[in-house]
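Notes follow the structure.
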2 protein chains.
Amino acid sequence: MTHLLPMADEPAPERADAARNREAILAAALRLVATRGVDCVTMDTVASEAGVGKGTVFRRFETREGLMAAVLNESEAAWQGSVISGPPPLGPGAPAHDRLLAFGHSRLRTNVTHGALIKAATGSHSARSRAAASFAVMHVRHLLGELGVTGDLVLLATAILAPLDVMVLEQQQADHISLDRIEAGWDDLVRRVVGA
Amino acid sequence: MTHLLPMADEPAPERADAARNREAILAAALRLVATRGVDCVTMDTVASEAGVGKGTVFRRFETREGLMAAVLNESEAAWQGSVISGPPPLGPGAPAHDRLLAFGHSRLRTNVTHGALIKAATGSHSARSRAAASFAVMHVRHLLGELGVTGDLVLLATAILAPLDVMVLEQQQADHISLDRIEAGWDDLVRRVVGA
DNA sequence: AATGAAAGCGGACCATGGTCCGTTTAGGCG
DNA sequence: CGCCTAAACGGACCATGGTCCGCTTTCATT
């Protein structure tokens, strides 16, 4: 026996075939997104490419958004890793101010290049997007704290991150605002908020 | 004859039946959104409620997003009117700083109450959302100018408005952050940016 | 190894946004 | 008033996300 009582909240073990299928689906999705671009990847395509029924795809990933979130996660996790333990100035070891700027710049570029995928993974309601956004807010809040900023740091962090949102960036690009200008504008915002 | 040469770019006149149908569709959409809530309004429903074919709905409003934008516009236009020429402090006549705060608060409340409709009208790519966002940016930019703020005012305005975005607000409400707290946080942001 | 119940599977099915095209109609002109 | 063309119409049709449910598979227990 393993446990008679459902121990704590171990997230419900996954059967072997289920795990195998999850991997196959994710791999197929990854490949398809890379080759065709996220907007041309249909759930049916992923299913058949993974050699699996459509129902299975939805059972494992809930929704298209969820699947895309899983795909996005593949790169996002690495990025979070480099923020937490990568080389400075993005990672630890640099002054907080430099880290904050590096963080914003990195996020800015990432949001621009992965824009389509991020949008596909972030419609209306998603558990994953929640986690990702939360990570960014927590990190910025932490840096603001180190910089001696006082106030409602969570809200301040949110406010600093909001203009880096994919939709905002797309609008700005449609208005022919260059990335460099956006970046400079963001630096200025940070300067004002931090009160350097 | 009217004009032999297509004069300037008059937006292509609309045939009488076309105009009649547009009105009927918009009226039906307005009514349905008000009674059932935006998420339960289907294009087919609107069409049949307006006594018109589905194709007609799409020809007049391009897309669901477009139709919802038209619905939203009905209230948004009034709001813009009260910003441009309504009573202070939202309208002209109050100090710029008060106007800016009033503007933010008003936008905040509006985004919260009309959240669902705004989201329905603002997916990915829409001409209307473009105009609405632009109005807000222009107005804030103008107020910042009056306040003597220097710098890239368009970007600063965008940055100030970004945290009032519907999606951001929804996330914050999901995190049990009260409206009053959000409002206070936004006031703080403005103070820092304006450099009061 | 046999067994039984829970978990998983798959593809038919549904809802809905969006397109297409053969038919109808408005309305300028002779 | 009748003609003619561009515009508009409408609903069948398509694509795709998401659900459902009867059948299959896993695997803990014996």
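This is a predicted model, so every value here is computed, not measured. Below, chain A is the first sequence line, B the second, and so on; all start at residue 1.
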Over how many whole Å does the gap from R60(A) atom CZ to dG18(D) atom P extend? 17 Å
Whole-Å distance, E65(B) CD to dG17(C) C1', equals 12 Å
Residues from residues 25-55 of chain A lying under 4.0 Å of DNA chain D - heavy atoms: T42(A), M43(A), K54(A)
Residues E170(A), K119(A): salt bridge by 4.0 Å N-O rule: yes
Show the distances under 3.5 angstrom between N or O atoms of the protein and N or O atoms of nucleotides 2-5 of chain D.
none

Residues at least two apart in sequence or cross-chain that pass salt bridge (charged side-chain N to carboxylate O under 4.0 Å, His left out) with R59(A), listed by chain then number, are none
Taking 4.0 Å as the cut-off, does a side-chain nitrogen or oxygen of T63(B) come that near to OP1 or OP2 on dG18(C)? yes
Write down the distance between CZ (F61(B)) and C1' (dG18(C)), rounded to a whole number of angstrom. 16 Å
Specify the residue among R15(A) and R15(B) whose closest nucleotide of DNA chain C lies further upstream toward the 5′ end. R15(A)
Run the salt bridge (charged side-chain N to carboxylate O under 4.0 Å, His left out) test against D165(A) and tell me which residues pass, sequence neighbours left out. none
Here the distance between atom C1' of dG17(D) and atom CG of L67(A), to the nearest Å, is 12 Å
Just checking H105(A): does its NE2 atom have more than 12 heavy atoms from other residues, nucleotides or ligands closer to it than 6.0 angstrom? yes
If a pair satisfies salt bridge (Lys or Arg N to Asp or Glu O under 4.0 Å) and one of its residues is in residues 48-58 of chain B, list it, with sequence neighbours excluded. R31(B)-E49(B), D44(B)-K54(B)
May I ask you to decide if V52(A)'s main-chain N or O and T56(A)'s side chain share a donor-acceptor pair within less than 3.5 Å? no
Atom NE2 of residue position H97(A) - does it have more than 12 heavy atoms of other residues, nucleotides or ligands inside 6.0 Å? yes
Distance, nearest 0.5 Å, that separates CG of N111(B) from CD1 of I182(B): 11.0 Å
Please round to the nearest 0.5 Å and tell me the distance separating atom OG of S134(A) and atom CZ of R141(A). 9.0 Å
Does R59(A) have a side-chain nitrogen or oxygen under 4.0 Å from the phosphate oxygens OP1 or OP2 of dG10(C)? no
Strand-adjacent residues in residues 16-23 of chain A, judged by heavy atoms under 4.0 Å from DNA chain C: D17(A), A18(A), N21(A)
If you count the non-hydrogen atoms of other residues, nucleotides and ligands that lie under 6.0 Å from CD in E23(B), is the total more than 12? no
Interatomic distance, E62(A) CD vs dT19(D) C1' [rounded to whole Å]: 12 Å
Closer than 3.5 angstrom, by distance alone: can the side chain of T63(B) be matched with the main-chain N or O of G66(B) as a donor-acceptor pair? no
What is the distance, rounded to the nearest whole Å, between atom CZ of F58(B) and atom P of dA12(D)? 16 Å
